[in-house]
Amino acid sequence: MIRPRPLLLPVLLLSGFLAACASTPRITPGDAVQQAAQALQTAAEQHVDDYAAPELKIARNKYAAAHKALQKQQSQRAIELAKEAIACTQLASTQAEGARATANRMIVQRQIDKIEKLTHGAAPSSDTTGADQ
Amino acid sequence: MTRRMYLLPIAALSTALTLSACVAITPASPTLMRAVKGLQALHDDPDVARWAPVQLAQAEQAVHKAQHTHGNKQRLQHLAFMAENRVEFAGATAYARQQAATYQKLRAKRESLGGGDQSVTTLAQAVIGSGTPPTPLQPDVQIAASTTPSSPAPASTEPQPGNPQAVSPPVTTASTQTHNPAPEPSPVPVEAPASAAAPAGGAPATRPTPQPKTTPPAAPEPAATTPATGKTLLTFKASDFLHGDRLTPDARRAVHGLLPALVEHSSRLIVISGASKSQRETVRATLIAIGVPGWRLRTQSGAGATTVTFGGQLSMSE
């Protein structure tokens with residue numbers, strides 16, 4: 001007679017529980033690719049190309065690959081590529097924000113330097129790169 | 001009883017082996033190694049924890065997931081890619097928020113010194129003097145409206161395609177105020193009209209009308225030392241490029257840091273040289289992306305690392 005191993009059942013139950021907890025809501029590949037397209041459209045409208053063209057190019061390539069995978073009915077691959085496209089677009093948009101903020105900061109710093117020179121005849125204030133000065 | 005004595009250690013050993021296999025770290029691909037290295041750099045930078053704590057936590061989760069998930073090669077490549085992306089995203093978010101906060105403080109200081117753009121323009125005109133057309137200072141670059149600085153980013157590790165909000169860039173700026181009623185996406189902070197003449201190629205219709213190239217230059221800035229021709233502004237290492245065609249965030253910021261010098265000496269040619277054509281093109285594209293007109297840039301093949309150098313003076317006809 002074979003006796004059941006005492007530790008196997010708890011391990012199996014724990015594994016099933018963890019798998020259930022780790023599962024995320026499923027989305028359709030079509031929705032995922034559509035979301036990627038919308039993200040790219042938004043980025044184009046915000047002129048993200050001006051500041052983060054290489055990252056946006058990667059995002060577009062990922063989106064194209066996701067679209068192709070969708071047509072080939074490779075659902076999991078399409079979802080993964082769509083997520084990557086969205087992530088790349090998000091990164092490109094953030095880099096564009098940073099570049100714009102840097103350009104703005106430099107413009108205003110130069111204007112402040114000019115005002116201080118003209119009105120007070122003082123040496124220009126040092127460029128501030130951090131928020132706390 | 002003897003059989004039980006044999007079975008218990010065997011069961012314990014097999015359980016231990018199973019658990020150790022579950023927690024084993026996935027062998028690192030180059031992408032995952034870059035993500036781990038980048039995460040360490042984020043931990044070493046206190047600004048990231050300050051300005052992007054949620055994004056930093058997401059990056060940690062993504063790297064951990066990529067390291068501890070087992071599956072087919074495609075799945076692992078996807079997780080490694082996402083981990084690297086989240087690490088870059090955390091760094092970029094912290095940088096953008098920090099710059100935006102500094103910009104807002106400087107704007108407040110400018111206001112306290114006697115005005116916004118209008119009064120500065122007036123003062124600039126006074127300095128330029130009579131007989132020379134005034135050079136209006138360009139308005140601030142518009143920063144696109146997004147969420148507020150304190151709003152948390154989506155809690156999920158990966159961007160969730162099912163949630164439209166998650167795809168919006170969470171980086172924030174407190175103000176979207178511009179000085180022109182229409183959007184002004186031109187990124188170039190310029191003093192000389194020639195520099196403002198030609199935005200990057202493929203500019204959209206909403207960009208401001210370029211200044212005529214025959215406009216006389218602005219009054220000379222007092223006591224600015226003109227760098228000699230051939231002055232090297234920036235030298236790139238191989239590690240400054242990702243996959244051979246993208247700049248790392250630090251390298252990109254170094255290019256942004258050239259802006260004041262490039263604006264200050266807007267009549268100078270900018271030469272990009274080096275052995276690698278793809279690197280030269282990447283640097284050129286980055287300079288155009290931050291607003292340097294294409295006609296100021298010259299790429300040329302050369303030996304060694306990619307460099308950005310001041311060339312000769314541009315003629316008025318260029």
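Lettering follows sequence order; numbering is per chain, from 1.
- Considering CD of Gln109(A) and CZ of Arg110(B), their distance stands at 11.0 Å, rounded to 0.5 Å.
- From Met106(A), atom CE reaches atom OG1 of Thr102(B) across 11.0 Å, with rounding to the nearest 0.5 Å.
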Discussion item. Please determine whether side chain to side chain contact (heavy atoms under 4.5 Å, CB included) holds for the pair Lys62(A) and Phe81(B), giving the CA-CA distance in whole Å, both sets of side-chain angles, and the decisive distance to 0.1 Å.
Written reply: CA-CA 12 Å; Lys62(A) 294 284 182 185; Phe81(B) 179 91; 3.7 Å; yes
Item to complete: For Gln104(B) and Arg105(A), run side chain to side chain donor-acceptor pair (under 3.5 Å): C-alpha distance rounded to whole Å, both residues' side-chain angles, the deciding distance at 0.1 Å, then the answer.
Response: CA-CA 8 Å; Gln104(B) 293 302 325; Arg105(A) 179 179 63 76; over 6 Å; no
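- Scanning all heavy atoms of the two residues, the minimum distance from Ala101(A) to Ala100(B) falls at CB-N, 3.7 Å.
- Only the side chain of Gln76(A) comes within contact range of chain B, judged by heavy atoms closer than 4.5 Å.
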Discussion item. I'd like to know whether Lys83(A) forms a side chain to side chain contact (heavy atoms under 4.5 Å, CB included) with His78(B), so could you lay out the CA-CA distance, the side-chain angles of the two residues, the decisive distance to 0.1 Å, and finally the verdict.
Written reply: CA-CA 9 Å; Lys83(A) 284 186 177 180; His78(B) 166 70; 4.2 Å; yes
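- When side chains are defined from C-beta on, Gln95(A) counts as touching Glu88(B), because their heavy atoms get closer than 4.5 Å.
- Side-chain N or O atoms of Asn85(B) include one that pairs as donor or acceptor with a backbone N or O of Ala87(A) at under 3.5 Å.
- Comment: Arg252(B) engages Glu55(A) in a salt bridge, judged by a side-chain N to carboxylate O separation of less than 4.0 angstrom.
- For the residue pair Gln111(A) and Arg107(B), no side-chain donor N or O sits within less than 3.5 Å of a side-chain acceptor on the partner.
- For Glu45(A), the CD atom is densely surrounded, since the number of other residues' heavy atoms within 6.0 Å is greater than 12.
- Between the side chains of Tyr103(B) and Thr102(A), no donor-acceptor pair is found at a separation under 3.5 Å.
- Ion pairing between a basic and an acidic side chain is recognised when a charged N comes within 4.0 Å of a carboxylate O; Arg75(B) and Glu80(A) show such pairing.
- Here the CD1-OG distance, from Ile112(A) to Ser112(B), works out to 7.5 Å after rounding to the nearest 0.5 Å.
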